Amino acid sequence: MVENPNNIEINPGDFAPLDKQAGPDKEKIAAPSLTFGQDVWRRLKANKTAFVSFIVLLLLFLMAFGGQALYHHDPNAQAPKYANLPPKIPGVNIHGLNGHITQSGQDVDAYKQAGASSSVHYVLGTDYLGRDLLARIMYGTRISLEIALIATLIDLTIGVGLGILSGWKGGRVDIFIQRIIEILSSIPSLVVMVLMATAFTKTGMASIIAALALINWTTMARLTRAQTLQLKNQDFILAARTLGESAPKIAWKHLLPNLSSVIIIQTMFTIPNAIFFEAFLSYIGIGISSPQASLGTLISDGQKNFQFLPYQMWYPAAVLIILMLAFNLLGDGLRDAFDPKSKR
Amino acid sequence: ACGSKSSSTSSSKQTANLTQNAELPTMDISKSTDVVSSNMLNNTNEGLYRIGKNGSITPGIAKATKVSNGGKTYTFTLRKNAKWSNGDKVTAHDFVYGWQRTVNPKTASQYAYLYSGIKNADQIVNGKKAVSTLGIKAEGDYKLVVTLDKPISYFKKLMGFVNFFPQNEKVVKKYGSKYGTTSSAMVYNGPYKMTGWTGTNLSWTLKKNNDYWDKKSVKMSSLKFQVVKDASTGLNLYNSNKVDDTILSSTQVKNYKTNKDYKVYKTASTFYIEMNRNDSNKTLAKAFKNKKIRQALSLAINRKEYVSSTLGDGSTVAKGYVSEDLAKNSKTGKDFTSDASVPSAVEYNQAKAKKLFKEGLKEIGETKLNIKLLSDDTDAGKKATEYIQGSWEKLPGLTVTNQNVPFKTRLSRSESGNFDTVISAWNADFTDPISFLSLFTSSNSYNNGKYSSSEYDSLINKANGSDANNTTARWNDMVKAEKQLMNDQGVIPIYQQATSHLTRTSLKGIIYNTAGSQYNYKYMSVK
Amino acid sequence: MATATFFLMKLMPGTPLQNEAKLTASEKASILAQYGLDKPVWLQYITYIVGIFHGSLGLSFQFSDQAVSYLIGSRMGPSMQLGAQALVVGVIFGIILGAIGAIKKDTWADRLATILSILGIAVPSFVLAILFQYYVGLKLGWFPVAGWSGFAYTVLPTLALAASPLAETARFIRTDMVDVLSSDYIELAKAKGLSKFGIVYHHALRNSLIPMVTLIGPLAAALMTGSMVVENIFSVPGIGEQFVKSILVNDYPTIMGVTIFYSALLCVLLLLTDIVYGIIDPRIRLSGNGD
Amino acid sequence: MENPENVIEVRNLEINFHTYAGEVKAIRDVSFDLRKGETLAIVGESGSGKSVTTRSLMGLLAPNAEIKKGSIMFHGDDIIKKSEKEMQHIRGKDIAMIFQDPMTSLDPTMRIGMQIAEPLMKHKGLKKKEAIAQALEMLKLVGITNPEGRINDYPYQFSGGMRQRIVIAIALVCYPEVLIADEPTTALDVTIQAQILDLMKDLQNRIDTSIIFITHDLGVVAGMADRVAVMYAGKIVEYGTVDEIFFNPQHPYTWGLLNSMPTLDTEGGSLSAIPGTPPDLLDPPVGDAFAARSDYAMKIDTQQEPPFFKVSDTHYAATWLLHPDAPKVTPPAEIVRRQQKFAAMQKPEAPIKSDTKE
Amino acid sequence: MPDERKKILEVHHLKQYFNVGKKDEVRAVDDVSFDIYEGETFGLVGESGSGKTTCGRAIIRLYDPTDGEIIFNGKDISKLKGKKEMHEFRREMQMIFQDPYASLNPRMKVKDIVAEGIDIHGLAKDDADRTKQVEDLLETVGLNKDHSSRYPHEFSGGQRQRIGIARALAVEPKFIIADEPISALDVSIQAQVVNLMKELQVKQNLTYLFIAHDLSMVKYISDRIGVMHYGKILEIGPADEVYGHPLHDYTKSLISAVPVPDPEFERNRKQVAYDETAEMDGKKRRMVEIAPGHFVRAAEDEVAMYTQRAVDAGLITE
Ligand SMILES: Nc1ncnc2c1ncn2[C@@H]1O[C@H](COP(=O)(O)OP(=O)(O)OP(=O)(O)O)[C@@H](O)[C@H]1O
Ligand SMILES: Nc1ncnc2c1ncn2[C@@H]1O[C@H](COP(=O)(O)OP(=O)(O)OP(=O)(O)O)[C@@H](O)[C@H]1O
Ligand SMILES: [Mg+2]
Ligand SMILES: [Mg+2]
């Protein structure tokens, strides 16, 4: 607290009135201009777990959809002679990766046993028909992801559409849609899925996707409805209405962009959910049919031999678990990143 | 870790823990269709005979049997000391009642067709005649007369089949629709009686039946059963000494093949491929009528490799269409399959296959074939289609599409001829080759591929008719028929099913047969 | 609901014939008549719906002469016990894990709790069950490998089942509690000088736990899913295990019955949680309808 | 303690927040005292640092806050140096706080009796029963009608005004020496606001606490405060007794504030706004932070931070306008009017010329 | 005197109920009548929940009124038919919102927010024209064109409120409903917005319905004031009269509670209590013109009392 500021050096002219034009801008905004997307991206990058998950997912997608370009092995090529060979990576001599396996309590060289020449090696081993497990895992991941993505896309469309409709229209439309959702969600989702999958005489991607989509949209619809109800009375929506904007336009220009965070976050949870359910269906025997493979069928095939050929379950299971972890963690991260409360 | 707690292997106790891989759906003799219920019924009840080792006929309720009227009349004298577990005596009336109940259309027994050949049975099943007209009569309490429409050479064997067991009318009436739905709503006249089955649960016990006429032969005091559907669970249970027997899956087999507990139980069940000669796809119909193509398809399959590396559950390469260990030549003691062997029909020779396929294609004027391979969506079905697809596609000009559908869809599609090729399986109901062979007569409704050979038809006719009472001639008829079918490559046999078990070596005296009532625990003991 | 199931089932290639491969057409017909399957579909439907109101769900195809309602009744016990145990274990540990995550937000403890809880969702229950059975049951020999005769037998299946409710609860509690912890009344509680524990115990936990009640329904539904494989693997005579089997053998009266049973159960649970929620949340207890 | 009258002495407080965009210099060298029994009002624009200042007294800063410098002496102890445990003993007992929004500051799931009793149980070690009994007394004191009947009610059963009374009851239940009220009436209607303010004054008289009252409503300040501190951009720019601030303001920002509020007598057209927006504290301007918006800005304002110039023993202002070399300026008309009134009020004593310094 | 001017808006017996027929029926606006003259500012004050917002929204047809007439420019807009009429009406009447944070779509750029009305009503010839109009509008409200490509969250409250005003102005309305446009703003910023609104009123000949609960500001900006309580208007009159000589007890109480930035005044302030049960005695009440242009909601037997008050206050001479 300076009572007598004599120690401050004053220069002549200091007390001249300030030229307003040259002076500091009084409407200046100091922070850099960030779009919403940039802002989210920045906060996502700051969240290490979520960011790592994002990278992991990126890699998994690359592996699933582009892996074949690097690893030219037909996932369906059989070599029954080489059935159930454990992983063997040339030059690595760790049990589990050197082609050795414990059989009847003894460590044996499975490759030698199968009469494979020294040039034969499968990085992740083979399955019961001697198919390359790595190729199959890449292929299975792709199928799993395709199923999940398509199903999610469908329930995104249905869920968001009906959610907005329900929330925006209110009244009877709302009640009707809510009833449908209630009924659908009062049946355990797996049961519906099982019913759907069995009702289609031929099990396959289409029926699984249909079953997944039928079930999952309710969550999405509920979330978008709740959010729409909130947004509907927000001043900026009212403003658009007073300007004479039509309902579909409002939905498109105002609701959707503001719903996007909810939708994206929910998608991050729907996708792994779909993958998981697909795996589940495959496990109980009504999943994808051969020779197509999904992570679920691979795990379910693998678990039968878990005690003796643990790698057959571990590797696809690991991919599944990593996928699920990554999606969930990314979802969590995005939720934080989108959350206005966690601003800054 | 649990070794010390082992409850079963101690010899003093005479108990064992066994597993089944499916639920017990019923204890109703008329309604039993599956392996589990037939095993349980076979050990808790008894018919006129009991099937012993190697399908032999051992004494049951019948003390003496007289065959007359050219093999069309059987007169059974029943033992007087046979009792039901509720104290009632087992009488001829129980047989009459039981049989009539089974053929009665109201009962809707799914095995009533086995009665075919017994007088009026077919008409009764189809509701055309009264139940009372069935060719079975009780003459007093201990004499039973059965009349047949035509001689049935394997009739005595049938009598060991559970659907021909007697039923206690009093008990059936007492429980009404609940009869046979729990262990207590049932009465037993066999070596054991069942307790602890609620009708839907997954475990129960067979206890020694003290009312059994031959109870002195029964050593075991109790057999505990537990349903374990998952093979790994079963193995874990076995390894933790909780059970004394478990069914192994293929990888498990690989690891336990050398174990002293390892046992293979063959089943009279053959897996084979049928080719649709009436295919709606005319090209394929033509192709399947071409013997070279059929042979090529057969030769292209490396059955040995499939059975050992892919399937690996103890199943064996099919020797032919009729399964091994089903029937033996009564003179030479040789198996039917070796008498009727046609090695070329089940051999693997890729070069020859390619050559024949090429020739065959040329003969029908095609260069390419696109075949759909149908099977069910079970594990075995999937493995088989995947493997065969792989093998067949090595034939130049052949592409294969797999179709794995639910079991019942597969059945209806094969029946309606809606397939190109289908992997089928047939289980014998009783231990006689005819159980297999009658399938491929031209008129048989299960001849899905429409194999048609007048020679084959007449051989089967002879075996069922004129040669029915002549064991040797009948045998030769059947051998010839099998050879005919195989030489024509009418179907492509792949493998004979078997199940691999781990069974404690201390369990002795379990009698196993490949068909019919497979397990007989009457003489079982723990050492 | 029943309607939807019924017609879906009609699309399935299911008949009660176990031995279909060996029956002639007329034999089949007479057996189908036994099950009333010879009648037109609409008549079957009416019969079925009328039956439901009389508590009858028809006869099982797989178990001859066994009423589906009896089947469900006798299989209910183990499933309920497992479900309840798993729910209790899952919810309690989930709450602990979630609370730790929220309180220690953005620390290693939080991350660990998060990863653990997501693992509960990420690892399929069948994988978990197999691992438990093999390692804990067989290798360590701590608990019976499979079967159903006494409490010890319930431990492993309960744990395998509990993973998913644990995970869901933990995530729910964490998110909710983070919200609660940043609310004004927690600020006020801090300003009162309450200790961290006091704040969490007296204010945060209660406010997070109340909405937790609404999660019970979905959790129970998830448990039903899990029970199907877990019961199968551990040979537990429960409904879930039976359901899977029924699907595989196309026993559609049972499939329908179990579906209806599950749905009814879920409805009852949802209703119950609604009521309980009304009772324990003071905000809606008296006003009748919350805002 | 420089002055035994002072309950709290804040010296040279500097607080920064770490954010993605950099350091937010929220509090920049703030010093003030709180005397026993007085009400100190802190006014200022949104974001000027009022809340941060007071929260630092409670030791309740956000985790990303960093106290760069300074001390907060409470009875001779530096609060900044206290551990969390020690702070817990001070909070609610010696220093209590009321928050802005009565609708959300009560735990919705706890009976209000218990919420009031909590601090008693914590700080006075009372049994639940005794604490509830005292809580009941407190409820009476804050003017809840039928307190016996309402002590077991939940917050949602009360109106906003009632809730704020309950919040006040919670704050005062331990008879704290210092009560910090962060905009306690902003969310309330004027009529309710008047009631709450009366209540606070009344209670202050009875239990003799010092109050730090935060608001940006100058009307409320006029009614409540003994002394006023005006904050701008993380600094106190002027402080003095309530009369000095309202009738003899010296800082152009204070002028602007007073000038932009219509009063009963304001005639149409004479309302004048402060142009522009407050500076971003991420990058506080050099010199006088208000310069950019001030009509009286001088060159030095953009170069050097103005020190505090003494106006009277109780009145200081940080503006170069008070420098002896600075040109004399005429404040806006409204301010001139106020200053005239002030002069009239000071008549009996020797008039103090506002623009002189010692 | 006032009758010579043109009435731009007449509200007759407006009723706006929510959840009609249900247990939780809310009579947010219950039989409200008032007129607004062209070019004036009509202030609506009242405590929270008294129905001010609802009244404003019913007038701009965000709600469908339960009952009553709203005549705008001679047309009963509560009975507007067809898209076209509605579209036209939407240009003439606009709204400024209370919460500067909620009233701008956070996912849109400022230029698109401002141009929304231009786009809807097709007011721009081409893109360049649109840009120019937006920049002009921004300048009108004291922002510069650099701001047009930023997002709302980057602005301070006052700036956002000015963007909201620019948006409303874009369609060149005649009538603007301002629902507490300043109550979320800082005191110093409030003045900016109020000044801007006054300035625009003169320049563009706007009429305002100005809703607020801050009485001093309402008095400052309004020509006439209506005082609302429990969905009803209790008193209407010229701003100075209502403020200086309130006739209704509620108005008196309200005004006595307003804090004034004058310590001396505050020290002597006496708050007048209001007994709201007096309103609920079930008597039939209507708006009675006690003094010229000064209405009070009164029962027949209360008219004399109010007239006496007016006489005492010197509003009329007996
Ligand atoms: N946790 C935080 N992280 C970053 N910046 C913060 C944080 N808390 C406060 N600030 C910043 O510190 C400055 C002062 O905030 P403070 O809350 O004290 O303002 P205030 O005067 O109380 O405003 P109001 O009147 O709006 O309550 C603001 O610029 C604000 O953005
Ligand atoms: N959509 C609605 N449904 C039901 N009730 C409503 C609705 N909108 C408003 N209300 C109720 O109508 C009454 C009047 O509300 P309104 O928002 O008009 O008050 P206000 O005077 O604007 O208050 P404030 O000053 O708080 O903005 C309130 O009791 C409110 O709860
Ligand atoms: Mg603040
Ligand atoms: Mg309002």
Side-chain angles (χ1 to χ4, degrees), chain A residues 47-49 53 182-201 219 269 272-273 275-277 279-286 295-296 299-300 302-304 306-307 310 313-314 316-317 320-329 331-332 335-336 339 341-342, chain C residues 1 4-5 7-14 106 111 114-115 117-119 121-127 129-131 133-134 138 167 171 174-175 178-179 182 217-218 220-226 228-229 232-233 240 243-244 247-248 250 252 255-256 258-260 262-267 270:
Chain A
N47 182 339
K48 277 185 221 80
T49 350
S53 304
E182 255 166 47
I183 290 174
L184 271 178
S185 43
S186 78
I187 315 173
S189 48
L190 190 87
V191 173
V192 182
M193 230 170 283
V194 165
L195 292 183
M196 291 283 293
T198 38
F200 285 100
T201 41
T219 322
F269 295 118
N273 226 357
I275 295 176
F276 180 80
F277 267 125
F280 196 91
L281 290 181
S282 296
Y283 177 80
I284 64 175
I286 47 180
L295 288 175
I299 296 173
S300 119
Q303 68 92 13
K304 289 174 195 136
F306 175 66
Q307 292 184 16
M313 181 177 101
W314 274 126
L320 180 78
I321 292 170
I322 291 172
L323 256 182
M324 302 276 294
L325 268 178
F327 266 116
N328 277 291
L329 286 172
D332 277 352
R335 177 159 48 202
D336 287 347
D339 185 2
K341 267 181 289 183
S342 61
Chain C
M1 226 290 309
T5 326
F7 287 104
L8 263 179
M9 287 302 98
K10 283 296 154 195
L11 296 171
M12 287 171 52
D106 294 331
R111 284 197 195 106
T114 309
I115 302 252
S117 61
I118 295 178
L119 271 180
I121 306 174
V123 181
S125 49
F126 49 91
V127 173
I130 287 162
L131 297 181
Q133 182 180 66
Y134 187 66
L138 185 65
R171 306 186 79 190
R174 183 184 177 273
T175 335
V178 165
D179 263 8
S182 67
L223 277 179
M224 291 173 191
T225 311
M228 295 184 199
V229 289
N232 196 28
I233 289 169
F243 187 63
V244 175
I247 292 163
L248 295 178
N250 291 340
Y252 70 77
I255 300 178
M256 261 155 66
V258 174
T259 304
I260 290 171
Y262 273 157
S263 307
L265 192 70
L266 201 60
C267 283
L270 289 177

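A, B, ... follow the sequence lines: proteins, then strands. Residue 1 opens every chain. Bear in mind the structure is a predicted one, so any value in this text is a computation, not a measurement.
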Which atom of [X] lies closest to which atom of [Y], heavy atoms considered:
X      : Y      : result
A:I299 : C:F126 : CG2-CE1, 3.6 Å
A:L320 : C:P124 : CD2-CG, 3.2 Å
C:I118 : A:L325 : CG2-CD2, 3.3 Å

Contacting moiety of C:L265, where chain A heavy atoms sit under 4.5 Å: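 No part of C:L265 comes within 4.5 Å of chain A.
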Proximal component of C:I233, with respect to chain A [non-hydrogen, under 4.5 Å]: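 Contact with chain A is through the side chain of C:I233 alone.
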Chain C contact via A:L329 - which portion, at a heavy-atom distance below 4.5 Å: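 Both backbone and side chain.
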Most chain A-contacting option - heavy-atom pairs closer than 4.5 Å, from C:T175, C:I130, C:V244, C:V178: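 Result: the option with the highest number of such pairs is C:I130.
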